[in-house]
Structure formats: structure tokens, C-alpha cells
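Everything below concerns the one structure shown next.
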Number of protein chains: 2
Amino acid sequence: MSNVKALPLLEPAVEPCCPPLNERPLTADEAERTAVMFKALGDPVRLRLFSAVASHEGGEACVCDISDVGVSQPTVSHHLKKLKEAGLLSSERRGTWVYYRVEPAVLTAMGQLLTKAATA
Amino acid sequence: MSNVKALPLLEPAVEPCCPPLNERPLTADEAERTAVMFKALGDPVRLRLFSAVASHEGGEACVCDISDVGVSQPTVSHHLKKLKEAGLLSSERRGTWVYYRVEPAVLTAMGQLLTKAATA
DNA sequence: TAGCTGTTTCGACATCTGTCGATCTCTTGC
DNA sequence: GCAAGAGATCGACAGATGTCGAAACAGCTA
């Protein structure tokens, strides 16, 4: 599989990608990048998977611990990949199992994007 | 034609729909409802429209003020409807123009969903 | 080495989504 | 009443997305 443009932003780049939504209208480019993160949480299955990882002890969980969300195992893997590509999760293999972990900085950025807009 | 409009699900019901994502795994039903809001912000055009409304004075704006996002007028209307159905915006007609306004409570709920998950 | 288990990738498919032009509704003004 | 402008709705269409079963891949253990 020689897909050259496979991984666009697997570098989470925890920088403040996002000015608060009420500070000024987002540019097309800012919106494009920010929407990727929101879209990643815009699917019920992904939201459950993410919540399962986030609520697990240490903020990380094995795939086998969170696969019970009502879809097939390949679909779980597909959604975890999406969350990873959006920078919300990172993964690490430890022997037989693969562990996914939340990226708190990205989460904080998204949260402030919203709460600052709400309180200002 | 009667004055009674359709009004399918435009009652946002600003209740705390969402426990923090790291408190416990979301149920299927919680995820379903929460994903609607994130999905609404998961499109670049909608994100720009929302940001344009949120950054406007008073947190509200006429459609004519924010329509310059590079898509046709029907598409703008379509996206504003999506944001409204997700409970993120509300609309009101004043004479010729229609004004959209942010729903701060829903925004706060979404933000805390993320920031509480990030800091805990 | 072979076999087993956990996870990812592949290929295919039905559905959902974003987009547009055309048209309709509502309000204002003549 | 009629025309004009602001938005919403309709119908159609291409492309994206979620889903699955089958297969490939990666470690462990015998």
C-alpha cells in the first residue's frame, strides 16, 4: 500500500490550533483543521470508544477492554484509527495488546475553544 | 396556510446531557445525543458560520452578515439549520432579516465535557 | 515450527452528507 | 395588488462515511 498522503497530521502538534470561537470568524484553513477534531467526536461509536479510553485508569486502555460497543472488531479498529489521525488518541503496542491513550493537550484546546466562547 | 410551523426538534433542552468523557464510558444513548453536537461542529463551513455568529456583537448575527463563506446561499441555509437542530444556534426573524444566536449553555456543556476530561 | 489470539488492513457495499440550481415563502415598499 | 429582496425548501447528484466478512499481520506459547 503505497499511499503517500496517508498520515496528514499524526503529529498531534498540541499548539493552540484554535482561537476561541467567539474571538473572530475562523479562517477557512483554521476551520478545516479544527473541524477534523470535532468530526472525530461526531460519531456515536467513536464517542463511546473515546469515553471508554478516557475513563479507564491512567487514561489508557487496551483495545480488548473497550471493544464492546456493538459493532464488529474491524469497525472498532477503524474508528480508533480515525481518533488517532485526529490527534485525540495515541497508540502503543505492548506485546500482544495495543493500548490507546488520550491526548490531554488536544482535549484541553478543544474545550477552551468552546468554554472561552461561552463565557466571554 | 396555517401559522403553525413544523418545529420538529428545535427544542434544544439545554440540560446537562453529558457527563465528562472520562467519568465513565458513555452509554449508547448518551453517545448518540452528544455526537450530534460534535458532528454539527465537524464541518469546516459550519465551524466558520458558527464562529462568525459567536464572534459577532451580542453573540448574534444576521444571515446576510455571515454568508460569505464560499458556498451558495442554499448551502449556508442548510448548514445553519443543522447547527440549529443540534441546539447550538437559535434563530429569530426580525422583519426582512433572520438573526442567528449562539446557545451559550450548550456550548458550556460541550466545553466541560472536554476540559473536565482533560484536567481530571 | 505450528498454532492460537489480538489487531489491523482490504474490498465491497449501502447509506449519509455537502453541494448546487431552481423554486417557494415571507416581508417590505411602491 | 404587485415587484423585489432575504431565506428556506426541494430535487438531484457526486463523494464521503460507517459497516461488515475475509484475509493479513504481529506476538505469544507449546
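Lettering of chains follows the sequences in order, A, B, ..., and the numbering in each one begins at 1.
If you measure from atom CD of B:E92 to atom P of D:dG7, you get 14 Å, rounded to the nearest angstrom. Taking atom OH on B:Y99 and atom P on C:dT27, their separation rounds to 15 Å, with Å as the unit. Regarding B:L89, its CG atom lies at a distance of 16 Å from the C1' atom of D:dA8, rounded to whole Å. The separation between A:D65 atom CG and C:dG6 atom P is 11 Å, rounded to whole Å. Atom CG of A:L49 is separated from atom P of C:dT8 by 11 Å (rounded to the nearest Å). Atom pair B:W97:CH2 and D:dG5:C1' shows a separation of 9 Å (rounding to whole Å applied). In this structure, A:L83 atom CG and C:dT7 atom C1' are separated by 16 Å, rounded to whole Å.
Interatomic distance, B:L114 CG to A:L113 CG, rounded to the nearest 0.5 Å: 9.5 Å. Taking OG1 of A:T27 as the start and CG of B:L47 as the end, the distance is 10.0 Å to the nearest 0.5 Å.
Using a cutoff of 4.0 Å between basic side-chain nitrogens and carboxylate oxygens, B:E60 and B:R94 are scored as salt-bridged. A salt bridge links B:E30 with B:R24: the distance from a Lys NZ or Arg NE/NH1/NH2 to an Asp or Glu carboxylate oxygen falls below 4.0 Å. Remark: B:E32 does not engage A:R48 in a salt bridge, criterion side-chain N to carboxylate O under 4.0 Å.
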Using a 4.0 Å heavy-atom cut-off, write out nucleotides 22-30 of chain D from 5' to 3' as B (base contacted by protein), S (sugar-phosphate only) or - (no contact).
-> B---SSS--
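For B:E103 and B:S90, the side-chain atoms include at least one donor-acceptor pair closer than 3.5 Å. When only modelled atom types and interatomic distance are considered, A:S67 and A:Q73 share no side-chain donor-acceptor pair under 3.5 Å.
With B:R46 contributing its side chain and B:A40 its backbone, the two residues share a donor-acceptor pair below 3.5 Å. At least one donor-acceptor pair closer than 3.5 Å links the side chain of B:S55 to the backbone N or O of B:S51.
Across all strands, B:Y100 comes closer than 4.0 Å only to sugar-phosphate atoms, never to a base (heavy-atom distances).
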Would you tabulate the pairs of protein nitrogen or oxygen atoms and nucleotide nitrogen or oxygen atoms of nucleotides 15-19 of chain D closer than 3.5 angstrom?
unit_1	atom_1	unit_2	atom_2	d
D:dT17	OP1	A:K39	NZ	3.3
D:dG18	OP1	A:R46	NH1	3.2
D:dG18	OP1	A:R46	NH2	2.9
D:dG18	OP2	A:R46	NH1	3.3
D:dG18	OP2	A:K82	NZ	2.9
D:dT19	OP2	A:H79	NE2	2.4

